[in-house]
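Quick notes on the structure that follows.
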2 protein chains.
Amino acid sequence: MDSINIKKLAEALNLSTSTISRAFRDNSDINGATKARILAKAKELNYQPNHYASNLREQKSKTIAVIVPELANNYFSQAIHGIERVARENGYHILIYVTDDDYKKEVTFIRHLHNGRADGIVMSVSGEANDHNYLNKFGSKRLPLVFFDRIYEDIDTPRVITNDYNSSFLATEHLIEQGCSRIAYLVVNKSLSIGKTRMQGYLDALAKHQIPFEENLIVDCSNSYEENSIIIKQALTQLKPDGVFTSVERLAFATYYACYDLNINIPKDLKVISFSSLEIAPLLNPSLTTITQPATEIGEEAAKLLFTILDDHADKNLPNEVVLESKIIKRNSTING
Amino acid sequence: MDSINIKKLAEALNLSTSTISRAFRDNSDINGATKARILAKAKELNYQPNHYASNLREQKSKTIAVIVPELANNYFSQAIHGIERVARENGYHILIYVTDDDYKKEVTFIRHLHNGRADGIVMSVSGEANDHNYLNKFGSKRLPLVFFDRIYEDIDTPRVITNDYNSSFLATEHLIEQGCSRIAYLVVNKSLSIGKTRMQGYLDALAKHQIPFEENLIVDCSNSYEENSIIIKQALTQLKPDGVFTSVERLAFATYYACYDLNINIPKDLKVISFSSLEIAPLLNPSLTTITQPATEIGEEAAKLLFTILDDHADKNLPNEVVLESKIIKRNSTING
DNA sequence: TTGTAAGCGTTATCAA
DNA sequence: TTGATAACGCTTACAA
């Protein structure tokens with residue numbers, strides 16, 4: 001009999017449970033003095049309203065789920081940090097799920113979340129191309145969902161993205177201006193919308209500068225470190241590009257490692273630019289030219305968007321799409337020293 | 001009337017709610033055929049047992065809380081990844097809380113978690129030196145708690161740590177062997193146990209090699225990027241160390257930036273070694289010699305330890321302390337090229 | 001301003 | 001093997 005609950009607290013104070021309950025919520029009328037007395041006693045006895053009972057009653061969990069493809073990635077850890085901050089300010093807690101780019105896990109997570117555990121979901125989708133129509137199957141009962149960064153274009157739900165097309169265009173153009181004419185584009189999943197958008201910018205920049213597009217300069221990489229190492233080395237030796245544009249930061253790292261091994265000098269022999277939120281890009285050898293996304297801000301915006309949806313009182317004229325700006329930061333990996 | 005629950009499912013099948021319930025848990029006796037029938041219908045109607053109702057009933061949440069000082073840090077994101085993996089395998093979900101090294105937040109998080117929201121806590125403590133006896137105040141009602149990496153020594157709870165003393169000793173000795181005699185030790189919080197243990201290894205290595213200890217070579221840094229930049233530059237110019245040993249990776253990065261600015265050559269003028277789980281340490285300029293902690297494994301072990309405590313059937317002869325080995329990986333920042 | 005009592009959706013106990 | 005029923009701890013009409 002050591003656990004405290006509302007009944008015992010009520011007995012201890014010679015009050016009813018409803019009065020206790022009122023002391024813990026703001027709206028109801030309650031005498032200031034009794035409220036103070038209740039809160040004091042509650043503190044003394046270490047009482048807190050049981051979260052599960054409250055939420056069963058109120059039918060909401062004050063919890064949102066965050067689903068990301070990976071965690072050991074500067075972009076996602078910064079984004080989660082942003083989400084966590086906004087969630088906390090709104091009195092929400094966050095559950096984290098990592099898909100490891102595995103579509104099946106994504107489906108399982110989402111399905112299980114529909115048991116009341118979370119009130120809404122913020123997600124960056126897995127890298128696999130599949131039928132994600134499962135998201136529509138929930139019908140009107142689907143949990144509020146906000147995509148950030150990696151999205152499924154055929155799912156109609158609010159999203160926070162960056163100006164990927166534009167950044168890719170400018171990134172490619174930057175390589176061209178630095179004298180590159182054989183520019184490889186390294187991507188993890190061509191069919192994922194983010195891969196496609198970023199690739200389109202690349203293609204259009206080539207076209208604008210009348211550089212013929214060469215199919216095999218699009219290098220489709222995998223999620224395995226070892227496989228990528230092989231793929232990239234092969235691409236570098238066989239295709240002999242003079243520029244590389246990578247769609248995710250870990251492909252840039254893999255390219256660096258490959259160049260070290262193959263004795264290819266960056267930037268003299270090969271220029272490298274990448275999407276990356278790495279804070280120490282200036283410390284790399286050579287310092288890495290990046291398209292830097294406002295990761296924390298993206299997370300914050302995504303969370304805010306979700307909370308607007310969850311807030312019953314809010315004006316429901318929400319934007320379906322928030323676009324934030326990435327910045328190209330030129331460093332030594334694309335500039336001949 | 002669009003939300004499904006156990007009652008409606010029971011009606012739809014002409015069964016009682018208890019039978020439905022039994023179909024979803026493994027132990028109770030139930031006819032195989034009815035079970036199949038129930039599960040099929042459940043799938044059709046998209047029914048899942050409500051998490052809050054179940055947990056109110058069962059008095060457990062199948063959720064653990066993870067509290068970390070920061071998220072944008074390779075060590076912690078890897079550790080969380082490990083925790084998440086183990087948690088998922090055990091059917092648990094994880095809640096994430098970031099203290100930003102703020103002690104007050106840590107206290108608030110822990111206190112609020114005692115409302116049933118989580119069954120246990122895995123925590124790496126905030127960097128502030130304070131009275132953390134609050135953890136003992138909960139008495140026998142305190143949630144099961146496992147520390148990892150950054151711990152409070154005066155709190156008696158299981159912990160997963162690395163052989164910090166030894167690593168620090170060897171790291172310092174490595175610098176000495178490379179010819180350093182004025183070795184600065186950069187720390188964020190001297191009084192935090194992790195700072196102390198690591199410092200002791202440093203001190204003892206100096207002593208072993210008869211290098212006199214100089215108080216002001218212990219440089220106490222802060223959590224602010226800007227402040228650290230100033231502190232470190234001042235230390236480098238005034239103290240003129242020939243070696244730097246940093247207790248956390250971001251101080252190593254700050255040292256790199258300072259050296260770039262001050263035109264100090266690493267490793268010729270200054271050798272640098274740091275605790276760091278950065279996967280791209282080899283790509284830095286120069287590549288960084290690190291004491292690499294098995295971050296993912298630490299997270300996994302911490303989670304496993306917690307689950308053993310939570311498992312009623314488990315043998316309760318648990319170790320109070322699990323020590324994992326870090327590795328020193330020598331790279332160019334400490335080796336004259 | 002406070003108390004009474006019903007019910008949120010489950011699961012466990014007991015009876016059939 | 002299945003069903004009826006009483007909890008789990010809380011919130012909220014409604015009554016006092």
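Lettering of chains follows the sequences in order, A, B, ..., and the numbering in each one begins at 1. Keep in mind the model is a prediction, meaning the values are calculated, not measured.
Salt bridge status for A:Glu300 with A:Lys304: absent, with no side-chain N to carboxylate O gap under 4.0 Å. Between B:Lys7 and B:Glu11 there is no salt bridge, since no side-chain N of the basic residue sits under 4.0 Å from a carboxylate O of the acidic one.
Heavy atoms of other residues, nucleotides or ligands lying less than 6.0 angstrom from NE2 of B:His112 number 12 at most. Other residues, nucleotides and ligands contribute at most 12 non-hydrogen atoms within 6.0 Å of the NZ atom of A:Lys60.
Residue A:Arg25 contributes atom CZ, which lies 7 Å from atom C1' of D:dT11 at whole-angstrom precision. The interatomic distance linking B:Arg22 (CZ) with C:dT13 (C1') rounds to 10 Å, in whole Å. In this entry the distance linking CG of A:Asn55 with C1' of D:dC8 reads 14 Å, nearest Å. Rounded to whole angstrom, the span from the NE2 atom of B:His51 across to the C1' atom of C:dC8 amounts to 16 Å. When the C1' atom of C:dC8 is taken as reference, atom NZ of B:Lys7 falls 10 Å away, rounded to whole Å. For the pair A:Glu11 CD and D:dG9 C1', the computed distance is 14 Å after rounding to whole Å. As rounded to whole Å, 15 Å separates atom P of D:dC10 from atom CZ of B:Arg117. Spacing between atom OH of B:Tyr47 and atom C1' of C:dT11 amounts to 10 Å, rounded to whole angstrom units.
The side chain of A:Asn31 approaches C:dT1 more closely than any other nucleotide in the set C:dT11, C:dA6, C:dT1. Nearest nucleotide to the B:Thr34 side chain, out of D:dC10, D:dT12, D:dT2: D:dT2. Here C:dC8 is the nucleotide among C:dC8, D:dA4, C:dT4 with the atom lying nearest to any side-chain atom of A:Leu56. Taking only side-chain atoms of B:Thr19, from C-beta outward, the nucleotide of D:dT2, D:dT11, C:dT11 with the closest atom is D:dT2. Among the nucleotides D:dG3, C:dT11, D:dC10, the one closest to the side chain of B:Ser16 is D:dG3. The side chain of B:Ser21 lies closest to C:dT11 when the candidates are D:dG9, C:dT11, C:dT2. Among the nucleotides D:dT11, C:dT11, D:dG9, the one closest to any side-chain atom of A:Glu58 is D:dT11.
Contact between the side-chain N/O atoms of A:Asn50 and the OP1/OP2 oxygens of D:dC10 is not found at any separation under 4.0 Å. Side-chain N/O atoms of A:Gln59 include one lying less than 4.0 angstrom from OP1 or OP2 on C:dG9.
Within 4.0 Å of A:Ile20, counting heavy atoms only, lies no atom of the nucleic acid at all. Looking at heavy-atom distances under 4.0 Å, A:Ser18 makes contact with a base. Counting non-hydrogen atoms under 4.0 angstrom, B:Phe24 reaches nothing in the nucleic acid.
Of the residues listed (B:Ile110, B:Leu95, B:Val146), the one engaging B:Ile121 in a side chain to side chain contact (heavy atoms under 4.5 Å, CB included) is B:Ile110, and it is the only one.
Aromatic ring orientation, B:Tyr152 versus B:His132: parallel (interplanar angle below 30°, classes split at 30° and 60°).
Looking at B:Arg57, its side chain has no donor and acceptor atom pair within 3.5 Å of the base of C:dA12.
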